[in-house]
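See structure below.
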Amino acid sequence: MQPVNIGIIGLGNVGSGALTILTENASQIAAKLGFPLHVAAVCSRHVASAKLPAGLEGALKTADWREVVNHPDIHIVAELIGGTGVAREIIEASAACGKSVVTANKELMALHGAELWDQAIAARINIAMEASVAGGIPIHTVLREGISGDRITTLYGILNGTCNFILTEIEQRGADFGHVLAEAQAAGYAEADPSADVDGFDARSKLAILSALAFGERIVPSDIYTEGIRRISPIDFEYAHMLDHTIRLVCAARQTPKGLLLSVRPSLLPRSTILASVRGAYNAAWVRGKYGADTFYYGRGAGPLPTGVAVVSDLMRVAREIRSGSPERVSPFAHARLGEYKPLPIALNHSAYYLRFRVKDRPGIIASLAAALSAEKISLDAVLQLPQPNADDLPFVITVAPTTEQSIQDALQRMAGMDFLVEPPLALPMEGSL
Ligand SMILES: NC(=O)c1ccc[n+]([C@@H]2O[C@H](COP(=O)([O-])OP(=O)(O)OC[C@H]3O[C@@H](n4cnc5c(N)ncnc54)[C@H](OP(=O)(O)O)[C@@H]3O)[C@@H](O)[C@H]2O)c1
């Protein structure tokens, strides 16, 4: 059988992982498809010094991506360079040449995916992006096809492996955030500039993509309320454990009577829930449908080979479509067209909250804080205080019964001038609906 020809642009973590699989696993792939996938070209700016697996001797090697896109024999282009500039040019140029694209690019697809899909429809090509979120978990396939007959009401994800690794290390070893981050950077798990991970921006791009698939709306990252994990300390895990909870960076998309509420923020999860058991650099997604109820997906969120599997599986799917001449592609967003999203303010969030204070100890503190909460009609649930040696920096916790984020923010505003506070209180939602 004639092969379907692939051009790979970007030979870094993901590109090299995909190439390893395409070469090492070529016979399995051909057996599954009924025809081979052939890597006809590879591209990176430093291609001359790139380490390539055996079996690519005959492939075109170029530093110019246009040579790949314009190559007359190439049927599918894999954009694996990242970023939103050249990557977008590659996808648009491929569409203009009538070539389908496989991409791992969450940033680009979260920002411009809907426009690119419009262009793809016009050009009658496909865009496949399984690797863009939770690399090793086929969550796009699940939302696009596996459970597309359901009406999704809630999606929760742990979508940033670096944050989950850091939080788990704080939890297990009692080490503080800065220490664990420095170790993760030294070991190569975290970037030198960790902001995209620890401030929640990477996770929010991924939630923008998954919630577009799940709910069919045009969601961009800036629509999503986002808080990172920098303020989480070992004492928070001690208190969370006393409450039989843990803390994770939770990506949440919930259908409410007012619309879709989206957030990425550290949250308390009951330890009995399956999401709470996700540890280390693993990712997970938990989806609730109106008809099919709860389903859960777990695996590696990144890494050359897990992400490479997603890229290669997308290449196989698109190759099948090309070979069978299928003119009707399944939208990468699971909906033929995405509707407009009207962002809901996080002030509408309704849940119980964990409030952690650090104070200079003196009589009357609890009474002052309770008065601020009571003024916003917030009911106290529990007050927790572990013995601490330093009365000038005493951490303790108040949990409150379900209320709105607006009420919590108003209460925190009332507390702002209280001179016994060593730092502003930390307020985390306690997820009770899992
Ligand atoms: N790493 C993961 O585990 C992971 C997981 C899921 C998704 N992703 C996504 O996958 C994409 C790639 O990530 P990565 O980790 O593989 O990145 P990476 O290791 O930095 O690799 C990027 C590759 O692109 C090449 N490149 C950059 N600009 C280029 C250009 N203008 N023309 C040709 N080649 C160019 C680079 O090589 P030269 O410098 O030689 O050009 C390099 O080979 C990103 O969108 C990322 O978000 C990554």
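For ligands, and for the atoms within them, numbers begin at 1 and follow the listed sequence. Everything numeric here is computed off the predicted structure, so don't read it as measured data.
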Let me confirm one number: the [atom1]-[atom2] distance from [X] to [Y], rounded to the nearest 0.5 Å.
X	Y	atom1	atom2	value
Q406	I346	CD	CD1	11.5 Å
E89	T84	CD	OG1	10.5 Å
R254	L348	CZ	CG	11.0 Å

For [atom], what's the nearest protein heavy atom and its distance?
atom	result
atom 38 (P) of ligand 1	H46 ND1, 3.4 Å
atom 12 (C) of ligand 1	L80 O, 3.4 Å
atom 44 (C) of ligand 1	G82 CA, 3.5 Å
atom 42 (C) of ligand 1	G12 N, 3.7 Å
atom 29 (C) of ligand 1	R45 NE, 3.5 Å
atom 37 (O) of ligand 1	S44 CB, 3.6 Å
atom 3 (O) of ligand 1	G303 N, 2.8 Å
atom 35 (C) of ligand 1	I81 CG2, 3.5 Å

Salt-bridged, [X] to [Y], with N to O below 4.0 Å?
X	Y	answer
R204	D223	no
E183	R173	yes
K206	E107	no
E238	R356	no

Indicate, as side chain, backbone, both or neither, the part of T307 found under 4.0 angstrom from ligand 1 when only non-hydrogen atoms are considered.
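Near ligand 1, T307 shows its side chain, while the N, CA, C and O stay back.
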With heavy atoms of [X] as the reference, note each atom of ligand 1 found under 4.0 Å away.
X	result
A302	3 (O)
K106	47 (O)
G10	23 (C), 24 (O), 25 (C), 43 (O)

[X] to ligand 1: N or O pair under 3.5 Å?
X	result
S132	no
G135	no
G15	no
W65	no
P304	no

Protein heavy atom under 4.0 angstrom of atom 17 (O) of ligand 1, is there one?
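Given the 4.0 Å cut-off, atom 17 (O) of ligand 1 does not count as touching protein heavy atoms.
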Tell me whether atom 21 (O) of ligand 1 lies less than 4.0 Å from at least one protein heavy-atom position.
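So far as the 4.0 Å threshold goes, atom 21 (O) of ligand 1 is in reach of a protein heavy atom.
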Distance only, no hydrogens: is a donor on one side chain within 3.5 Å (strictly under) of an acceptor on the other, for [X] and [Y]?
X	Y	answer
D236	S233	yes
E321	S326	no
E405	Y353	yes
S351	E431	no

Looking at F35, I'd like to know if the NZ or CZ of R323 sits under 6.0 Å from its six-membered ring centre while staying within 45 degrees of the ring's axis.
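Pair R323/F35 counts as cation-pi.
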Out of A131, A104, A310, S205, indicate the one that has the non-hydrogen atom closest to atom 6 (C) of ligand 1.
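Residue with the shortest heavy-atom distance to the ligand atom: A131.
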